[in-house]
Structure formats: structure tokens, C-alpha cells
Amino acid sequence: MTYHPKSDFMRVMIERGYMADCTDYQGLDEALVRGVVPAYIGYDATAASLHVGHLLNIMMLRWLQKTGHKPITLMGGGTTKVGDPSFRSEERPLLTPEKIDENIAGMQQVFGRYLVYGTGATDAIMLNNAEWLDSLNYLDFLRDIGRHFSVNRMLSFESVKSRLDREQSLSFLEFNYMILQAYDFLEIHRRYGCLLQMGGSDQWGNIVNGIDLTRRVVDHEIYGLTSPLLTTSDGRKMGKSAGGAVWLNGAMLSPYEFWQFWRNTTDADVGRFLKLYTDLPVTECDRLGTLAGSGINAAKIILANEVTALLHGPEAASAAEATAREVFEKGGVGDDLPTLLLSKAEIGEGITLAQLFVRSGLSASGKEAKRLIAEGGARLNDAPASDAGQMFSAADLAEPLKLTAGKKRHALVRLEA
């Protein structure tokens, strides 16, 4: 990156590693210097919670606000009814309006941790594109908006081209998605003076479409900025763990498990993740990232504490660190560990050790649990566990059982009172 920005926001984006591409570096930088720039990121409501994969872009909105500009979080109540086909091999399952609303309610819980909402010039606002998409008249939309789109050009976008090159079906419903997202940018610009859309680099084509449409319809200059699609240093997609997606809602993933995800960061990723996911100064992030041995482990605890405190609060971060210390250093049970509560009815005549590993989330399937146990990777109350078929009755759960998968993943099993 050779461009030297004048605005604080562009400087932060470049220094901390958020920048993949921008449609006009200088034009956007000058707009940021001139005054408050409203910018949005869209979130389709495909699940009941956002996950760690969304966190990088939420942090971009946070830095936008911290540098004196206005974040807009756009809930995709309308576009979720279509589904973004970008770089997917098959169509997303269609959700009911009720399920979409339920998912939006779950997703909205997270943003208030990172952004200040209100009516001030730089206060964040939350929108739902169902507000303007649900009431569109199809013929008017085709005539007024559709005429600005070239099918030839739409077919050339990599997100569509890759699907067609693999001879995988792309429905007409999905093909409309990029037009609707482009229309979102035009509509938010008209209503709120939005000058910038941000997103992951897989959204580049959709963002450019919105810029082109706005230029054609209202002849205004607006901008697009994308972040890199992150992988960890060992090549895994950022945000995936052995147990599945790393959810941001505490009801779907406990603060302790979230803390552990960051504590288990690979050494080579610590400095980079500190810059992307915390508010710590860049110089401190770089210093911590160059440590080795016990120093890098201490840096991982700082990373886990900082990220967890932002999402769940400082108390949750402190509790998670205390639990980890109790579990790892003292061999204790740890009251804050993820806990599986079983009723006597659920246990019935007994439940196997393999089933406990699956029910507690430490294994994805019975087959995986049996393999873990057979290969010596499972522990029961800190002792090696070797019998996947070992049965447990309600009486056996009078005291909590501590399950361990590998070296770092733990859960408790308790009997419901």
C-alpha cells in the first residue's frame, strides 16, 4: 500500500490491515477530511447470531466511529429473502419472514457492544432494507433500476462466473441479488447521505454495482472499500473451530469458549489479530506479536481478554481467564466452563461417554467422539478415558463430571436440580 492518507480513518484501515481494495483512495480520503462520512455494511439474516467471520467488519465500523464518522448497520430483512449467491456452490435455503425477523433480533444484540447508537452526527443508526425492498413494484423497479444493468457485465463478475464455470445452477432469484444490493446503496445514499459501502473482498462486485447505479441515477460520487478475506497462518478459514462456527451471541457460545478460541490463536497470528480485533495501539500490537516462548502465551491471554471484553464485557473476560487458570494450572473443575445440564428423564437407564462428548459439544458426532477416545485424546475428570461405551446413570452425575477433548477444550456435565 503506497498511498499516504490524510484522514485518520484511512490511516487506521491501512496501518491495522483492514484494507484490501478501495474504488478511489484519494477521493474517499478527501471526503473523510472534508466532514462526517456515513458508511454502511450489510448483514443478511441467515443465522440467529453473527459469528467471528463478521467481527473484522464490525471493527471497521467501530474505527469509523472512533475517527469521527457515522456507521450504518444494515439488516438484510429484504435481501435475505433472495440470498447472496457470491462464491457459493448452491442456493441458500429460503427462510420464512418470521425466521428472518427472529434472526435479525439475535444479530442486533451484538452491535451495541461496539458502536454508540443515537441521533448525533456520528452516532450509529440501524436500518432494515425490508423497509424499501418489501414494497417495491416489480414493473417500476425493472423500468427505473433494471435498465441500468448489463447482463453481459453481471455475468462477468467472478462471484457469478465461478458458479457458471462449474456448471452449477444459478437461479433467476439469486441473479437478482446484486441488483437489490446495488439498490440498497442508492437508497441509503438518498435517505441518509451515505458515501461509502464496506464489506469483505467477496463483495467487491456487488459494491461496484451500487456505485455505478448511484452515478447513473443521481450522478453522485460514492465509494467502496473492502477488507481481506482472512485465513489463519495455517491456512484455515478465520472463524472456524473444531466445534463449528464461533458465534458472537453468548447464548450460542459461552464467553469462556469465545475466550478460549482467541487464547488458542497460532503464534504467527497474534500480532495481526491484535491489530484487527482490539483497540490496542499498533506499536503495542507489533511488540506483543514478536514475543516468543512464555511471552507469546502472555500475549495470547491479552488478545483473548481484549476481544472478549469488547464483546462480553471486562467481567466476562476476567472470569474466563480465571477459569482457564483454574483448569490448566490447578486442575480444578472451573465453574465457568461450558456446562451440559441433563435431566433424569434424558439420562434414562444410562448415557454413554461418547454421547456425553457429543451432547456437550466437544465432538461433532458419535463417530468422532469414539475416535477421540480410542486415540487417547479424551479425559474424564482429568484422567485418561478409554471406554467410549462407559455408561453413566443419574447417580453418577450427583457430582459434576469434567470432560476434556485434546489439551484445551473442556466441558462440565451436571444433573439438573
Side-chain angles (χ1 to χ4, degrees), residues 47-49 51-52 93 95-96 98-99 102-103 105-106 109 239-261 263-264 312 316 319-320 322-417:
S49 168
H51 55 72
V52 161
L95 303 179
T96 64
E98 293 75 23
K99 184 61 180 172
E102 183 183 316
N103 285 351
Q109 297 171 23
K240 297 291 183 182
S241 72
V246 181
W247 301 110
L248 301 187
N249 283 18
M252 293 176 67
L253 187 81
S254 73
Y256 174 79
E257 290 172 290
F258 183 78
W259 188 93
Q260 274 295 339
F261 171 78
R263 171 62 182 83
N264 294 338
H312 293 296
T323 295
R325 190 175 293 114
E326 183 182 344
V327 170
F328 294 117
E329 296 176 10
K330 303 174 186 173
V333 168
D335 290 334
D336 197 36
L337 285 179
T339 301
L340 169 65
L341 286 176
L342 292 175
S343 66
K344 288 183 178 179
E346 286 177 289
I347 297 166
E349 295 180 5
I351 187 168
T352 68
L353 182 62
Q355 287 172 318
L356 290 178
F357 271 85
V358 174
R359 291 287 304 276
S360 65
L362 294 178
S363 296
S365 65
K367 185 177 179 182
E368 184 183 298
K370 288 172 184 174
R371 184 171 65 248
L372 176 77
I373 294 165
E375 292 175 354
R379 298 177 79 81
L380 174 64
N381 291 335
D382 295 320
S386 57
D387 181 6
Q390 181 179 350
M391 296 292 290
F392 295 87
S393 66
D396 294 324
L397 296 176
E399 293 293 323
L401 295 180
K402 178 183 170 189
L403 305 179
T404 304
K407 293 180 179 178
K408 299 178 179 178
R409 298 172 60 231
H410 309 269
L412 294 181
V413 183
R414 296 181 187 271
L415 187 64
E416 276 187 359

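Note that the numbering runs from 1 along the sequence shown for the chain. As the structure is a prediction and not an experimental result, all values here were calculated from the model.
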Under the side-chain contact (heavy atoms from CB on, under 4.5 Å) criterion, do Leu362 and Leu356 qualify, and how do the steps go? CA-CA 9 Å; Leu362 294 178; Leu356 290 178; over 6 Å; no

side-chain contact (heavy atoms from CB on, under 4.5 Å) for Arg414 and Leu341? Distances and angles first, verdict last. CA-CA 5 Å; Arg414 296 181 187 271; Leu341 286 176; 3.7 Å; yes

Checking Leu380 against Gln390 for the side-chain contact (heavy atoms from CB on, under 4.5 Å) test, could you report, in this order, the C-alpha distance in whole Å, the side-chain angles of both residues, the deciding distance, and whether it holds? CA-CA 11 Å; Leu380 174 64; Gln390 181 179 350; 4.1 Å; yes

I'd like to know whether Leu342 forms a side-chain contact (heavy atoms from CB on, under 4.5 Å) with Val413, so could you lay out the CA-CA distance, the side-chain angles of the two residues, the decisive distance to 0.1 Å, and finally the verdict. CA-CA 7 Å; Leu342 292 175; Val413 183; 3.9 Å; yes

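Closest of all the heavy-atom pairs between Leu403 and Ser360 is CD1-OG, 3.8 Å. Heavy atoms only, all atoms of each residue included: Asp387 and Ile373 are closest at N-CG2, 3.9 Å. When all heavy atoms of Ala369 and Val358 are compared, the pair lying nearest together is CB-CG2, 4.1 Å. Considering every non-hydrogen atom in both Ala316 and Pro255, the closest pair reads CB-CB, 4.1 Å. Closest heavy-atom contact between Gly350 and Met391: C-CE, 3.4 Å. The shortest heavy-atom contact between Trp247 and Phe258 is O-CD1, 4.1 Å.
Between the OH atom of Tyr256 and the NE2 atom of His312 there is a distance of 14.0 Å, given to the nearest 0.5 Å. Here Gln355 contributes atom CD and Leu340 contributes atom CG; the two are 11.0 Å apart, rounded to the nearest 0.5 Å. With rounding to the nearest 0.5 Å, the separation of OG1 in Thr404 from CZ in Phe357 is 7.0 Å. One distance of note links CD of Gln260 with NE2 of His410; it measures 6.5 Å at 0.5 Å rounding.
A side-chain donor-acceptor contact under 3.5 Å links Arg409 to the backbone of Gly361. Of the possible donor and acceptor atoms, one in the side chain of Ser49 sits under 3.5 Å from a partner among the backbone N and O of Asn249.
When only modelled atom types and interatomic distance are considered, Glu368 and Ser365 share no side-chain donor-acceptor pair under 3.5 Å.
Each of Ile347, Leu415, Leu401 was evaluated against Phe392; a single residue qualifies, Leu401, per the side-chain contact (heavy atoms from CB on, under 4.5 Å) test.
In terms of the salt bridge (charged side-chain N to carboxylate O under 4.0 Å, His left out) criterion, Lys367 has no residue partners (sequence neighbours excluded).
Under the salt bridge (Lys or Arg N to Asp or Glu O under 4.0 Å) criterion, the residue pairs touching residues 344-358 are Glu346-Arg359, with sequence neighbours excluded.
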